[in-house]
S.K.: 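Have a look at this one before I ask anything.
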Amino acid sequence: MSGLREGLRLWVAPKRVQEEGETPDYRFSLANERTFLAWVRTALALVGGGFAVDQFLPELRWGVRVSMALALLALGAMCALRAVNHWVRCERAMRRGEDLPVTRFPTVLSLVVGVVAVAMVVVVVFGWAG
Amino acid sequence: MSGQVGGPAVEPARDPGLQPERTRLAWRRTTLSATVVAVLAVKQAVHDGVTGVGLLGAALGALVWVGFLVVAHGRLRELDRARPLALSPRRAWLAVGCGVALAGFGVAVVW
């Protein structure tokens, strides 16, 4: 429970992160920033995939196309929000000299992307065969 | 906009890992990704013919893209020194906000 409250506090007042602990070597902060940017790019790629499904697969039935596109867009938004959350948590851990936070998110994301990809293959094959 | 020169932080120390440079390139890559998504978004908005709503949507998409460019450019300028400061949470939130805005825009158009 305190973890959740702590997380919310970070979201509401992220400035406080900069007042805690000691400033780490700038190189570590920059590495954390690049990881954050890589996650933002992943999020943007998912959002772009959502647009692409809607634009480049017009043969699909409306329901399938829209639900695929919405799933990808939602995943992209989630990925972006999680990127900034994870960045703040890593930054705070470095300032406090703690271990970096571990997360299941990469596994979940891989599984969801895999499921979406397989579903797309099935839908496209059947859509064009029928 | 006249560049922040001076200050003791601008000593040209050699960084063997080229960390600021790599971070600048990461921001550039991210800007490119955002550009691709923004182009797709604008294309989507005017997909069903150029209408008033479509043009408004396209303008909003372009606005989000410009917002991201401003955020990224500000950070690129900050990184242009030997020992740059860490990314500020405000800037991180702004960059992510642009991505989420594009996703929300997509949901509105697709729906």
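Side chains are part of it too, since the values below use all heavy atoms of this structure and drop only hydrogens, waters and symmetry mates. Letters A, B, ... mirror the listed sequences (proteins, then strands); counts begin at 1.
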S.K.: Side chains of Arg41(A) and Ser33(B) only: does a donor on one sit below 3.5 Å from an acceptor on the other?
M.R.: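 Ser33(B) and Arg41(A) do not have a side-chain donor-acceptor pair below 3.5 Å.
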
S.K.: To the nearest 0.5 Å, tell me how far Arg24(B) CZ sits from Arg34(A) CZ.
M.R.: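 The CZ atom of Arg24(B) sits 13.0 Å away from the CZ atom of Arg34(A).
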
S.K.: Please step through side-chain contact (heavy atoms from CB on, under 4.5 Å) for the pair Trp27(B) and Leu37(A), ending with a clear verdict.
M.R.: CA-CA 7 Å; Trp27(B) 273 102; Leu37(A) 289 174; 3.5 Å; yes

S.K.: Heavy atoms only, distances under 4.5 angstrom: which of Val47(A), Leu30(A), Val66(A), Leu72(A) has the most pairs with chain B? Name it, please.
M.R.: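 Looking at each of Val47(A), Leu30(A), Val66(A), Leu72(A) in turn, Leu30(A) comes out on top.
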
S.K.: Shortest non-hydrogen contact from Gly99(B) to Leu44(A)?
M.R.: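 Scanning both residues, the minimum pair turns out to be CA-CD2, 4.2 Å.
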
S.K.: Are Val37(B) and Leu69(B) connected in the hydrophobic side-chain network, where two residues link if heavy atoms are under 4.5 Å apart?
M.R.: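 No, no single cluster joins them.
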
S.K.: Go through the atoms of Arg29(B) and report whether side chain, backbone, both or neither lie under 4.5 Å from a heavy atom of chain A.
M.R.: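 Contact with chain A is through both the backbone and side chain of Arg29(B).
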
S.K.: With a 4.5 angstrom heavy-atom cut-off, which part of Val107(B) approaches chain A: side chain, backbone, both or neither?
M.R.: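 Both the backbone and the side chain of Val107(B) come within 4.5 Å of chain A.
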
S.K.: Which heavy-atom pair separates Gly48(A) from Leu40(B) by the least distance, and what is that distance?
M.R.: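 That closest heavy-atom pairing would be O-CD1, 3.6 Å.
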
S.K.: If you group Ile, Leu, Val, Met, Phe, Trp and Tyr by side-chain heavy-atom gaps below 4.5 Å, do Leu46(A) and Val39(B) land in one group?
M.R.: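 In one cluster: no.
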
S.K.: Does Val71(B) belong to the same Ile/Leu/Val/Met/Phe/Trp/Tyr cluster as Trp65(B), with side-chain heavy atoms less than 4.5 Å apart forming each link?
M.R.: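 Shared cluster, no.
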
S.K.: Taking all atoms of both residues into account, what is the closest heavy-atom pair of Trp87(A) and Ala92(B), and its distance?
M.R.: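 Heavy atoms only, the tightest pair is CZ3-CB, 3.8 Å.
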
S.K.: Do any pairs count as a salt bridge (Lys or Arg N to Asp or Glu O under 4.0 Å) and have a residue in residues 116-126 of chain A, sequence neighbours left out, and if so which ones?
M.R.: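 Of all non-adjacent pairs touching residues 116-126 of chain A, none passes salt bridge (Lys or Arg N to Asp or Glu O under 4.0 Å).
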
S.K.: Which heavy-atom pair separates Phe51(A) from Ala41(B) by the least distance, and what is that distance?
M.R.: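 Distance-wise, the nearest heavy atoms are CZ-CB, 3.7 Å.
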
S.K.: Taking Gly97(B), Pro20(B), Ala38(B) one by one, which has the highest count of heavy-atom pairs under 4.5 Å against chain A?
M.R.: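 Option with the greatest count: Pro20(B).
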
S.K.: Hydrophobic cluster membership, with links at side-chain heavy-atom distances under 4.5 Å among I/L/V/M/F/W/Y: are Leu111(A) and Met78(A) in one?
M.R.: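 As far as the 4.5 Å side-chain criterion goes, Met78(A) and Leu111(A) are not connected within one cluster.
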
S.K.: Given a strict heavy-atom distance threshold of 4.5 Å, which part of Ala43(A) is in contact with chain B: side chain, backbone, both, or neither?
M.R.: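 Contact with chain B is absent: no heavy atom of Ala43(A) under 4.5 Å.
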
S.K.: With rounding to the nearest 0.5 angstrom, report the CD to CD distance, Glu33(A) to Gln19(B).
M.R.: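 It comes to 11.0 Å.
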
S.K.: Is the shortest side-chain heavy-atom distance between Leu87(B) and Ser29(A) below 4.5 Å?
M.R.: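 Side chain of Leu87(B) against side chain of Ser29(A), heavy atoms only: no contact under 4.5 Å found.
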
S.K.: Looking at every heavy atom in both Val84(A) and Val96(B), which two are closest together, and how far apart are they?
M.R.: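 Distance-wise, the nearest heavy atoms are CB-CG2, 3.8 Å.
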
S.K.: Side-chain contact test, heavy atoms from C-beta onward, threshold under 4.5 Å: evaluate it for Tyr26(A) versus Leu85(B) and give yes or no.
M.R.: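 Result no, sub-4.5 Å side-chain heavy-atom pair not found.
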
S.K.: Please look at Leu25(B) and chain A and tell me whether the side chain, the backbone, both or neither of the residue comes under 4.5 angstrom of a heavy atom of that chain.
M.R.: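 Answer is neither: Leu25(B) stays 4.5 Å or more from chain A.
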
S.K.: Is Leu102(B) reachable from Val42(B) through a run of hydrophobic residues whose side-chain heavy atoms are each under 4.5 Å from the next?
M.R.: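 In one cluster with Val42(B): Leu102(B), no.
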
